[in-house]
Amino acid sequence: MKVGVFDSGLGGLTVLKAIQEVLKGAELFYIADTAYAPYGEKSVEEILKRCDDITRYLLETHGIEALIVACNTATSAAIKHLREKFPFLIVIGTEPGIKPAILKTQTAQVGVLATPTTLKGDKYQLLVNELANIKHVTLYEQACVGLVEQIEKGETHTKKTFEMLEKWLMPMKEKNVDTLVLGCTHYPLVEETIKRIMGNDITLIQTGDAIAKHLMCLSQNKGHKNEGELLTHVCYTGEINHLMIEKIINNKTIKVRKCAI
Ligand code: DGL
């Protein structure tokens, strides 16, 4: 089983890590599209083109059978197109975990952190409308402009990152928000900084584990036997912070190299 996973940069490694915890007997090819990061402030057309190019590369170079779009922004912009264009592939996207947040909150006040493109997308609006009937919950949406760049630089714990998050989160704290949806795969990497602001009791919702489970189900339906070694390759298209890769996936045996897509 060959699986392609991609994001604009380091964020999707939070999803890759969840997949590595459950998948065996497979080869994972991760693309960090850092030459074109961040996606969250680009047009839908630009993001769609990158998603298409990366998927074709993964298919032609590595013969992948499954594709994980480990990015909320790219999912919002391109998942429909990818499913239509590559119907023979297992295609799994990433969506903000609004439903688990609605089910978890005790105060009925939920914060959603995401990129501007994700929050503006039809997909997000549809998801929110669909879930509106489950329970009456107030959603506080915040587009975190500039946060992905801070994380890519490895600035997960710096004063500047703390202050950016503080400015967005303090109004939510004052409204009694007890659950926060991390609607961008980069944001689990600033979990500790978020907790310093919101307190340790805040519930943070991320979807890496759910994606990994979904992949297991779909691949086993296609006959994948989950046995044997798991190999992981990480490729990046621009520059990347190698220390951050080691910190996130904590596995020095992974091969990391630059590639042109
Ligand atoms: N990690 C991505 C997401 O989940 C995109 C971040 C970006 O490139 O703006 O939305």
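Owing to the predicted nature of the structure, the values given are computational and were not obtained by experimental measurement. Both ligands and their constituent atoms are indexed starting at 1 by order of listing.
Regarding atom 7 (C) of ligand 1, its nearest protein heavy-atom neighbour is Tyr39 N, 3.3 Å. The protein heavy-atom contact nearest to atom 5 (C) of ligand 1 is Cys71 SG, 3.4 Å. Of the protein's heavy atoms, Val148 CG2, 3.5 Å lies nearest to atom 6 (C) of ligand 1.
Atom CG of Leu10 is separated from atom CG of Leu16 by 11.5 Å, given to the nearest 0.5 angstrom.
Residue Thr73 approaches ligand 1 through these ligand atoms, each under 4.0 Å from one of its heavy atoms: 3 (C), 5 (C), 10 (O). Proximity to Thr115 (heavy-atom distance under 4.0 Å) selects the following atoms of ligand 1: 9 (O), 10 (O).
Ring geometry for Phe29 versus His233: interplanar angle under 30°, hence parallel rather than tilted (30 to 60°).
At a threshold of 4.0 Å, the pair Glu149-Lys153 does not count as salt-bridged, since none of the basic side-chain nitrogens sits closer than that to a carboxylate oxygen.
Taking hydrophobic clusters as Ile, Leu, Val, Met, Phe, Trp and Tyr residues chained together by side-chain heavy-atom distances below 4.5 Å, Ile79 shares a cluster with Ile31.
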- Would Lys49 and Asp52 satisfy salt bridge (Lys or Arg N to Asp or Glu O under 4.0 Å), going step by step from the backbone distance to the final call? CA-CA 5 Å; Lys49 165 98 176 62; Asp52 198 272; over 6 Å; no
- Task: Might you work through the side-chain hydrogen bond (donor to acceptor under 3.5 Å, both in side chains) test for Thr94 and Thr207, ending with a clear yes or no?
- Result: CA-CA 7 Å; Thr94 310; Thr207 49; 5.5 Å; no
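Taking any N or O of Gly40, backbone or side chain, at least one lies under 3.5 Å from an N or O belonging to ligand 1. Of the N or O atoms in Thr118, none lie within a sub-3.5 Å distance of an N or O in ligand 1.
Contacts between Ser8 and ligand 1 below 4.0 angstrom, taking non-hydrogen atoms only, involve the side chain exclusively. Here Asp7 has side-chain heavy atoms under 4.0 Å from ligand 1, and that is the only part of it that gets that close.
The aromatic ring centroids of His81 and Phe86 lie 6.0 Å or more from each other.
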